[in-house]
Amino acid sequence: MKLRSVLTAFALVLGALFAPGVGVLTGAGDAHAATKISHATATSMFRQVGITWSSSGNCSNRNNPTCTSFDQLNLATAQGAQTLKRASGCALNITGGTETGHAGGTYSHWNGYKLDYSKYTCVGNYIKNTFTYIGVRGDGAPQWRSGSGNVYADEGNHWDVTYYNCGGC
């Protein structure tokens, strides 16, 4: 395993162990109050680290399923995307945010816990070589869990990521 991967995994684990109220020691499955941010705040955070985003409808309306919106995104989710970008050094393009049209549930896109990313070789290799394979979801998507507890699912044409925390930000 490369030194960078080992150091990244170590940093993610430490972040999870010492982050109050989140992470593996407190149970990633327990919902907690999340700080919500606006679309403008999220896009500013993404620009800071070079994350891009796109939508099939070229729009950001949360109530339109062809848009990519970040309204009501959890702050920890935006920070988790920044952490992934910094740790992997890979290009990241977000194709799904908090807009309607995704599956429901507590840890859903609509509730601010999930982002979808374009499938790029770099980020796919990083996820598969750095995180722990945990099997397939009920829909057949293979999944990997980071040291901090976030879950990365390969949905075939994109990555579906559930952020329970900021990933050691």
Side-chain angles (χ1 to χ4, degrees), residues 1-19 22-29 34 37 41-56 68-70 73-99 102-103 105 107-109 111-169:
M1 185 182 277
K2 291 188 208 172
L3 179 60
R4 179 179 182 172
S5 296
V6 171
L7 292 175
T8 299
F10 183 67
L12 292 171
V13 170
L14 286 179
L17 293 175
F18 295 107
V22 296
V24 293
L25 291 183
T26 59
I37 61 174
T41 298
T43 57
S44 176
M45 291 175 69
F46 298 149
R47 275 190 199 98
Q48 288 173 7
V49 296
I51 296 172
T52 60
W53 58 96
S54 57
S55 76
S56 58
T68 298
S69 176
F70 306 122
L73 188 68
N74 294 340
L75 175 61
T77 301
Q79 291 170 327
Q82 288 179 313
T83 299
L84 177 61
K85 170 66 176 168
R86 289 180 180 125
S88 69
C90 298
L92 286 182
N93 181 63
I94 301 170
T95 59
T98 60
E99 66 279 348
H102 299 279
Y107 298 104
S108 64
H109 282 273
N111 288 336
Y113 288 91
K114 287 188 168 211
L115 291 172
D116 289 341
Y117 297 105
S118 297
K119 288 277 289 275
Y120 297 138
T121 301
C122 179
V123 74
N125 287 341
Y126 177 81
I127 291 165
K128 293 174 182 178
N129 293 327
T130 306
F131 303 144
T132 302
Y133 178 73
I134 58 170
V136 297
R137 278 192 323 209
D139 63 1
Q143 303 175 100
W144 288 261
R145 180 176 288 124
S146 71
S148 64
N150 297 324
V151 177
Y152 297 73
D154 182 347
E155 292 192 344
N157 63 353
H158 68 274
W159 286 98
D160 177 75
V161 182
T162 307
Y163 288 100
Y164 298 105
N165 58 66
C166 69
C169 58

Would you sort out whether H109 and L115 count as a side-chain contact (heavy atoms from CB on, under 4.5 Å), showing the intermediate values? CA-CA 7 Å; H109 282 273; L115 291 172; 5.5 Å; no

Looking only at non-hydrogen atoms, find the nearest pair between S118 and V123 and report the distance. O-CG1, 4.2 Å

Minimal heavy-atom distance between F70 and A42, with the atoms involved, is CB-CB, 3.5 Å

Do I94 and Y117 have side chains that get closer than 4.5 Å, going by heavy atoms? yes

Could you grab the distance from atom OH of Y164 to atom OG1 of T77, nearest 0.5 Å is fine? 11.0 Å

Let me confirm one number: the OG1-CD1 distance from T43 to I51, rounded to the nearest 0.5 Å. 11.5 Å

E99 side-chain N/O to S69 backbone N/O, donor-acceptor pair under 3.5 Å: yes

Looking at T41 and I37, would you say the former's side chain and the latter's main chain have a donor-acceptor pair under 3.5 Å? no

Could you walk me through whether Q143 and V136 pass the side-chain contact (heavy atoms from CB on, under 4.5 Å) test, one step at a time? CA-CA 6 Å; Q143 303 175 100; V136 297; 5.9 Å; no

Heavy-atom donor-acceptor pair, Q82 side chain to M45 backbone, under 3.5 Å: yes

Between T98 and K114, is there a side-chain heavy-atom distance shorter than 4.5 Å? no

Quick test of your reading of the model: are D160 and R137 salt-bridged, counting only N-O distances below 4.0 Å? yes

Parallel, tilted or perpendicular, judged at 30° and 60°: which one describes the rings of Y152 and Y163? perpendicular

Does the side-chain contact (heavy atoms from CB on, under 4.5 Å) test come out yes or no for W159 and T95, once each step is laid out? CA-CA 9 Å; W159 286 98; T95 59; over 6 Å; no

The reported gap from SG in C166 to CG in N150 (rounded to nearest 0.5 angstrom) is 8.5 Å

State, to 0.1 Å, how close L73 and A78 come at their nearest heavy-atom pair, and which atoms those are. CD2-CB, 4.0 Å

Tell me every residue that passes ring pair (Phe, Tyr, Trp, His ring centres under 6.0 Å) with Y133, counting only those two or more places apart in sequence or in another chain. W144

For Y113, is there any backbone N or O sitting under 3.5 Å from a side-chain donor or acceptor partner on N111? no

side-chain hydrogen bond (donor to acceptor under 3.5 Å, both in side chains) assessment of N93 paired with S54: CA-CA 7 Å; N93 181 63; S54 57; 3.0 Å; yes

Spacing of S108 atom OG and H102 atom NE2 [to the nearest 0.5 Å]: 9.5 Å

Find the distance between CG (L92) and SG (C122) and round it off to the nearest 0.5 Å. 8.5 Å

Specify the closest pair of heavy atoms between C90 and Y126, including all atoms of both residues, with the distance to one decimal. SG-CB, 4.4 Å

Working note: F131 + V151, criterion side-chain contact (heavy atoms from CB on, under 4.5 Å); need CA distance, chi angles, decisive distance, verdict. CA-CA 9 Å; F131 303 144; V151 177; over 6 Å; no

When you compare the side chain of K119 with that of N157, does any pair of heavy atoms fall below 4.5 Å? no

Ignoring hydrogens and angles, tell me if any N or O in the side chain of D154 forms a donor-acceptor pair with the backbone of A141 under 3.5 Å. no

